[in-house]
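Reviewing the structure listed below.
The sequence lines fix the lettering, A, B, ..., with proteins before strands; numbering per chain opens at 1.
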Amino acid sequence: MGTEELTGAEITIRCLQEEGIDYIFGYPGGAVLFIYDELFKQNKVKHILVRHEQAALHAADGYARSSNKVGVALVTSGPGVTNSVTGIATAYMDSIPMVIISGQVPTYAIGLDAFQEVDTVGITRPCVKHNFLVKNITELAITIKKAFYISSTGRPGPVLVDIPKDVSQEKTKFYYPSSVSMRSYNPTSKENPGQLKKAIQLILGSKRPMIYTGGGVILSNATKQLTNLVQMLNFPCTNTLMGLGGYPATNKQFVGMLGMHGTYEANMAMQHCDVLIAIGARFDDRVIGNPKHFYNKERKIIHIDIDPSSISKRVKVDVPIVGSVSDVLNELIKLLKASKEKNDRAAIKSWWAQIDQWRKRDCLKYDRRSAIIKPQMVVEKLYKITKGNAFITSDVGQHQMWAAQFYKFDKPRRWINSGGLGTMGFGLPAAMGVQFANPKGAVACITGEASIQMCIQELSTCKQYNLPLKIVNLNNRYMGMVRQWQEFFHGNRYAESYVDALPDFVKLAESYGHVGMKIEQPNDIEDALKEAFKLKNRLVFMDFITDQTENVFPMIPGGKGLSEMILV
Amino acid sequence: MENEAGALSRVAGLFSARGYNIESLIVAPTEDPTLSRMTLVTVGSDDVVEQIIKQLNKLIDVVKIIDLSDGDHIECELMLVKVRAIGKDRKKIKGTADIFCGRIVDVTGKSYTIELTGTCSKLDAFLDTIERNTILETVRTGASGIGRGERILKV
Ligand SMILES: Cc1ncc(C[n+]2csc(CCOP(=O)(O)OP(=O)(O)O)c2C)c(N)n1
């Protein structure tokens, strides 16, 4: 126990320092003024001032996703918290480790409808891994320790610590424990050797195997193990939207993303394989469609996940393996190497021949000679110009799917998108967080003219901190994804999906102090991108005027199965 | 579970958010004041119950959970019933209460309040036995349960 008496606000900042936090993203207000005062007095923890609390959360989220560290946000009570909810839920759905510190009205005012009071713990409960209201200053440091511990272990997720103003003002002795254990929280589990053995038997006996991996591989930093496993077995591998970068996309064993807008070959192989190895993925509705259509009685499923509740939730599996993906893959690789039995080479070869047949369908083809800019081409050129090395964030819609289909991610933590919640407005603030975590990295945000307007105010934050982001706006004057559904399923009735009264994005960017470009000809795409990336210290907003009628293919209509794709 | 503010609402919130049923729920601190014990009765297929258990296990405030109906267990509920008891009904009701091992815990010239404990179905049976229109008020705790013999749930 230290001997100094510190205020709650000082303790909060000291805890962040002890955790090694370099950046926090936030917005001040009455309930957190003491905490801001302490931030002001030190310079280890740098505070990034956003323009809206939602952006603070997304920035902390982008920071966490791209760096494998815990993202931290600081917001005030009441509206500060309600503005944050979208960002918290976004992180929760994608299992991102974050700690959110929120101010609360003083303990003596709680429950009295005080100014800027909301039931923060109640409002956020369904979208956090856990939350705390700190009513007693003696509990503050240990609670923050627990928050970091819970958020970053097991299946990660956001944890919120609500600190009433009087608690931030009171004093107590400061002691920050180096570790913490909780009887009701045991994130480490050891994989069951019996299940591992069964998995090995299925793997070695398979004739039409498929490896399907999700965000769990990224979160567990298991890319290397996955790559080893896939290559030693010579099996095909697909990634979910959240799992891109988990296996190198340019490798020939990669069959593309699967799911609603996945490739023909990935979806067909998923449907027709005899052994499916699901790793850190959760069979969600955008991935396998209707579970009844997905069902195939000849297919055996091995499912590796750290969260037991993900197993047999939507799809019954044959061999469940609960454990951290990286640990389980290490074990599997060891067992496979030790095994004398090998796969039937001829069978695997003919399975690949089948997959190559499906590949010939060329499901991502589009009109490369179009006189109007095709959005796919912009992403392809972006890939080329950045040599595949950029960090790409995106918003939600068609542009997100084209980014996922056409930018080939060879490394993990380079593809940053809101897969679970599908939050428009995520891309720009997330890119800010990515840039703070990777100051030397090239960071591009692929967005649409509707999405970008949901957090456009952050262009101001980018100016304040000189963030040289490259914004690739695929401007089709439509909420394209909505328009596509209306075209396919609602008789071409484009209800409220036309994005009218758009701002002049070039002038808008300039008014924030950035560089704006408008690109209208396919031939200009490459030069514009080159020029933008040459401006190393400037944010460049590239407004690409794209084909209004372009659709994302393949597409599995809602309620259908993987082999029921609509193709170009 | 941890005897913490908000623990109950986490459980209740989980059930409503995921569309599970709560038939009854009873919770109170144990001999260890830092722990509460909750007995929750729900209905669902084996798959649903398996999911409920997995989801509950993820709640940080839940320390340990078992499905009592997996093995031998004792189930007990407390009910207080206030019934109109006038004239010859008084004797009849008293008789019925005796058969069910109920205790009359409050008496007025017009009513009895009967305390009954037992399985939920026993309490249901009592209510079915006495005349519906004599019942003025009932209050039930919901079932609490414990494993038989060496089956122990302890932290
Ligand atoms: C906050 C929020 N509101 C609504 C939606 C529903 N939605 C999904 S995609 C989309 C259209 C996005 O349009 P745009 O950003 O222009 O991208 P495009 O599909 O045209 O590429 C909408 C409205 C959403 N995902 N998020």
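Heavy-atom neighbours of A/R314 CZ from other residues, nucleotides or ligands within 6.0 Å: above the threshold of 12. Summarising the local packing, NZ of A/K135 is surrounded by 12 or fewer heavy atoms from other residues, nucleotides or ligands at distances under 6.0 Å. Shown here is B/I66, whose CD1 atom has more than 12 heavy atoms of other residues, nucleotides or ligands within 6.0 Å. Within a 6.0 Å sphere centred on NZ of B/K54, other residues, nucleotides and ligands contribute more than 12 heavy atoms. Counting heavy-atom neighbours within 6.0 Å of A/D113 CG, excluding the residue itself, gives a total of 12 or less. The neighbour count for B/D46 CG, taken as heavy atoms of other residues, nucleotides or ligands under 6.0 Å away, does not exceed 12.
Remark: side-chain polar atoms of A/S184 are not paired, donor with acceptor, to backbone N or O of B/V62 under 3.5 angstrom.
The OH atom of A/Y185 sits 14.0 Å away from the CD atom of B/E2 when rounded to the nearest 0.5 Å.
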Could you go through the side-chain contact (heavy atoms from CB on, under 4.5 Å) check for B/L35 and A/R183 one step at a time?
-> CA-CA 11 Å; B/L35 282 172; A/R183 66 178 168 193; 3.4 Å; yes

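Proximity to chain B is limited to the side chain of A/R125, based on heavy atoms less than 4.5 angstrom apart. Proximity to chain A is limited to the side chain of B/V155, based on heavy atoms less than 4.5 angstrom apart. Of the two parts of B/S16, neither the backbone nor the side chain holds a non-hydrogen atom closer than 4.5 Å to a non-hydrogen atom of chain A. For a residue to count as touching a neighbouring chain, one of its non-hydrogen atoms must lie under 4.5 Å from one of that chain's; by this rule B/N57 does not touch chain A.
Residue A/S309 forms a side chain to side chain donor-acceptor pair (under 3.5 Å) with just one option from B/K58, B/E50, B/Q51, and that option is B/K58.
Ranking A/N131, A/L133, A/N186 against chain B, the residue ahead of the rest is A/N131, based on heavy-atom pairs under 4.5 Å. The greatest number of non-hydrogen atom pairs below 4.5 Å with chain B, out of A/K129, A/H130, A/K316, A/R155, is found for A/H130.
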